[in-house]
Amino acid sequence: MVKQESESANRPDNTAFTQQRLPAWQPILSAGIVIPGFVLIGLAFIGIGVALFVTSRSIQVLELDYTGDSNGSPCSSCSQSVVTNCKCSLNFTLTTLFQGPVFFYYGLSNYFQNYRRYGASKDDNQLYGDLSYFTSPSSSCSPYDYDSSKKPIVPCGSIANSMFNDTFTLTWTVNGTTNNVPLDGKGIAWWTDYNIKYRNPSVTPLKNAFNGTVKPINWAKPAYELDASDPSNNGFVNQDFLVWMRRAALPNFRKLYRRIDASGDYQKGLPAGNYTIDIAYNYPVRAFNGAKKIVFSNVSWMGGRNEFLGIAYLVIGSLCVVMSIVMLIVYAKFKFPDEE
Amino acid sequence: TDCQKNQYFNKKAFVSYLIHGCYCSLIIFFIPWASMNDAVRNDGKDIVSHPSFAFLLQTCLLIVVHTQLSLDTYYWTAVNHFFVWLSTIGYFAISVTMYSNGMFYVFPSSFPLFGAARNTLNQPNVWLTIFLTFLLCILPVVAFRFIFIQLRPTINDKTFLSSIRRSTRSGYAFSHSQGYGDLVTSRKFLIKRPLKMTALFTQTDSSIFQNQPQHYRTIVVTVPDCIFSGFKQDRTSTSCESSLCSWGFQ
């Protein structure tokens with residue numbers, strides 16, 4: 001028997017929300033949606049994959065290893081000696097024009113910038129120009145915060161200390177004359193790093209801000225003298241320093257060193273001919289089986305050469321089309337009985 | 001019903017969830033890894049910094065999770081729409097804010113990783129990677145569900161596919177199936193009925209009920225009766241169990 005309930009104060013309101021009567025939409029995986037959907041996605045992926053693959057193929061890349069780990073390879077003399085600033089050269093020949101804008105990268109292998117203790121070993125306040133941290137660097141930088149005579153290191157930390165210090169110059173030999181290829185080092189770091197994240201202390205001359213501090217142990221020159229040719233490229237906003245401080249995620253990485261200045265003979269890129277790279281080999285990598293290389297590359301709308309994306313899209317697109325055919329067969333054979 | 005046959009949380013189901021989880025995790029890591037190996041921005045600068053790679057993985061993960069959630073939500077009311085869209089858009093809003101200049105100026109020590117969002121999200125190859133990862137995780141799920149609906153439809157799937165129309169959500173915690181709201185609210189159960197078989201479904205999936213001894217009222221639709229157990233005293237708890245099952249599982 002139905003018991004009539006009396007109206008009580010706790011009775012919920014009779015609205016759609018409280019009585020769970022909200023209008024609802026019900027998505028259903030019906031054949032009319034899934035199968036054409038898969039076909040469309042498959043075809044779209046194949047299209048994108050073709051575009052990516054073709055673009056990637058049109059990008060020119062030249063990689064030159066100069067670790068010098070085996071006798072006879074370039075720079076092997078430098079890799080075995082302990083002389084700093086050892087000079088060696090690499091020769092290469094371009095048979096066709098290397099289309100500009102051409103970017104000059106240095107690459108390192110087996111180098112784990114993503115290691116946690118390494119990555120935490122820096123003082124962001126110092127790098128932001130806060131002078132109070134110059135005299136007392138944060139403890140996360142240890143053991144690279146104070147040197148043996150208890151003087152503070154600026155910039156402190158392991159990342160700064162391990163800054164890449166090989167330098168390169170590029171020359172082009174044609175018709176017996178050797179021309180120096182101009183390299184442009186402006187604007188190679190992220191805009192946000194240069195303009196916002198890193199600041200020099202607002203002391204002029206910059207050298208005075210570093211009184212009472214020492215340079216990192218492995219550096220040849222202190223931070224305020226990193227670039228003698230361009231006074232604005234010193235201190236913490238030095239472009240090479242910024243590029244190095246942006247920690248790479250993977251153990252084999254490349255970082256932008258310079259771009260080929262598109263002027264004069266090099267407006268369209270690097271012309272065909274013989275080239276020589278003179279390297280000042282400072283950075284030791286053989287101790288941990290690392291490798292160093294130089295990479296020339298041009299870029300497109302999708303970045304550098306990356307065949308993976310193009311191939312992946314093509315493969316997945318074809319799989320989608322195949323799956324849609326399979327689903328069509330399944331649907332046709334085991335047609336769902338719709339009599340109730 | 002499926003619950004009585006223990007179809008929703010047995011070892012086989014657990015293993016299939018495990019496989020799905022492993023597969024998605026591997027895809028979410030290795031596809032961005034392979035596409036970011038030696039990648040650069042389209043103006044030549046570096047793209048694969050540690051914070052930006054992490055941000056890319058996070059974004060892929062969030063998008064996959066939201067889409068999986070959407071696939072598993074059978075009834076989209078305004079509340080569902082609001083929360084899922086809020087979550088997706090909120091993720092992007094919060095990440096971009098977290099990685100923005102403004103937050104860095106206010107709290108420099110708490111937001112040192114800034115710049116990652118801005119410098120990666122304006123690159124087409126990053127979005128293409130996200131799109132690829134997301135579809136690689138979701139399409140197998142869609143395909144499997146579609147095929148299993150065709151090959152081995154469960155009683156809930158049949159309910160859905162037979163009522164392909166816009167419907168209002170019924171009450172009483174049948175939160176993931178259409179439930180028997182119409183029947184319940186039509187007050188038919190307040191009338192004493194003679195003992196006869198009336199069934200909503202003629203499918204043989206309800207064989208459990210048909211095998212019961214006849215002193216039960218063998219109406220499949222008696223399931224919701226137990227809600228009104230205050231009204232009828234001669235119900236056994238067997239029909240209640242299946243409804244409890246439907247409440248909790250989908």
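Proteins come first, then strands; the chains are lettered A, B, ... in the order of their sequence lines, and each starts at number 1. Only this structure's heavy atoms are used, side chains among them; waters, hydrogens and symmetry mates stay out.
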A.B. asks: Among S35(B), P51(B), S52(B), A78(B), which residue has the highest count of heavy-atom pairs closer than 4.5 Å to chain A?
C.D. replies: S35(B)
A.B. asks: Has the side chain of N42(B) got a donor or acceptor atom that lies under 3.5 Å from a matching backbone atom of M302(A)?
C.D. replies: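 Flag not set: sc N42(B) to bb M302(A) has no pair under 3.5 Å.
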A.B. asks: Taking everything shown except Y111(A) itself, do over 12 heavy atoms lie less than 6.0 Å from its OH?
C.D. replies: yes
A.B. asks: For chain A, which of F53(B), W33(B), F146(B) has the most heavy-atom pairs under 4.5 Å?
C.D. replies: F146(B)
A.B. asks: Within the supplied structure, the quantity of interest is the number of heavy atoms (other residues, nucleotides, ligands) at a distance under 6.0 Å from Y23(B) OH; does it exceed 12?
C.D. replies: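 Correct, the count exceeds 12.
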A.B. asks: Is it the case that atom CH2 in W85(B) sees more than 12 heavy atoms from other parts of the structure closer than 6.0 Å?
C.D. replies: no
A.B. asks: For F308(A), what residues pass the ring-ring contact (aromatic ring centres under 6.0 Å, His included) criterion, not counting sequence neighbours?
C.D. replies: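 By the ring-ring contact (aromatic ring centres under 6.0 Å, His included) rule, F308(A) matches no residue at all.
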A.B. asks: Between A189(A) and chain B, which part of the residue has a heavy atom less than 4.5 Å away: side chain, backbone, both or neither?
C.D. replies: backbone
A.B. asks: Is N252(A) in contact with chain B via its backbone, its side chain, both, or neither, using a 4.5 Å heavy-atom distance?
C.D. replies: backbone
A.B. asks: With chain A, which of N119(B), V126(B), V142(B) has the greatest number of heavy-atom pairs at distances under 4.5 Å?
C.D. replies: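 Sorted descending by pairs with chain A, the first entry is N119(B).
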A.B. asks: So which residue, F17(A), W191(A), F253(A), ends up with the most heavy-atom pairs under 4.5 Å with chain B?
C.D. replies: W191(A)
A.B. asks: Step by step, would you call S49(B) with R247(A) a side-chain hydrogen bond (donor to acceptor under 3.5 Å, both in side chains)?
C.D. replies: CA-CA 5 Å; S49(B) 82; R247(A) 278 191 303 141; over 6 Å; no
A.B. asks: If the contact rule is any heavy atom under 4.5 Å from chain B, which residues of residues 102-109 of chain A qualify, in numerical order?
C.D. replies: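 Within residues 102-109 of chain A, near chain B: F103(A), Y105(A).
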A.B. asks: What part of L136(B) gets within 4.5 angstrom of chain A, counting heavy atoms only: side chain, backbone, both, or neither?
C.D. replies: side chain
A.B. asks: Please tabulate, for the side chains in residues 33-43 of chain A, all donor-acceptor contacts under 3.5 angstrom to protein atoms that are two or more places apart in sequence or on a different chain.
C.D. replies:
none

A.B. asks: How many angstroms lie between atom CG of D43(B) and atom CZ of R259(A), to the nearest 0.5 angstrom?
C.D. replies: 8.0 Å
A.B. asks: Ignoring hydrogens, what is the shortest heavy-atom contact between A24(A) and T77(B)? Give both atom names and the distance.
C.D. replies: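 Minimum heavy-atom separation between A24(A) and T77(B): CB-CG2, 3.8 Å.
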A.B. asks: Using only atom types and a distance under 3.5 Å, with no angle test, would you say the side chain of K45(B) pairs donor to acceptor with the backbone of I188(A)?
C.D. replies: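 No, the answer is negative, given that no donor and acceptor are paired below the 3.5 Å cut-off.
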A.B. asks: Answer whether the closest heavy-atom distance between the side chains of L135(B) and F45(A) falls below 4.5 Å.
C.D. replies: yes
A.B. asks: Report the C-alpha separation of V40(B) and V299(A) in whole Å, then their side-chain angles, then the decisive distance to 0.1 Å, and conclude whether the side-chain contact (heavy atoms from CB on, under 4.5 Å) test is met.
C.D. replies: CA-CA 8 Å; V40(B) 292; V299(A) 295; 4.0 Å; yes
A.B. asks: Can you give the donor-acceptor pairs under 3.5 Å from side chains of residues 313-324 of chain A to other protein atoms, not counting sequence neighbours?
C.D. replies:
residue: Y313(A); atom: OH; partner: L128(B); partner atom: O; Å: 2.6
residue: S318(A); atom: OG; partner: L314(A); partner atom: O; Å: 2.6
residue: S324(A); atom: OG; partner: V321(A); partner atom: O; Å: 2.7

A.B. asks: Could you tell me which non-hydrogen atom of L250(A) sits nearest to which non-hydrogen atom of N37(B), and how far apart they are?
C.D. replies: CD1-OD1, 3.7 Å
A.B. asks: Can you give me the closest heavy-atom contact between N306(A) and A39(B), atom names plus distance?
C.D. replies: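 Looking at all heavy atoms of both residues, the shortest contact is ND2-CB, 4.5 Å.
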A.B. asks: Going through the checks in order, is the side-chain contact (heavy atoms from CB on, under 4.5 Å) test met by W190(A) and R118(B)?
C.D. replies: CA-CA 10 Å; W190(A) 283 5; R118(B) 190 164 155 176; over 6 Å; no
A.B. asks: Output yes when D38(B) and R254(A) qualify as a salt bridge under the 4.0 Å nitrogen-oxygen rule, no when they do not.
C.D. replies: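 So D38(B) pairs with R254(A) through a salt bridge.
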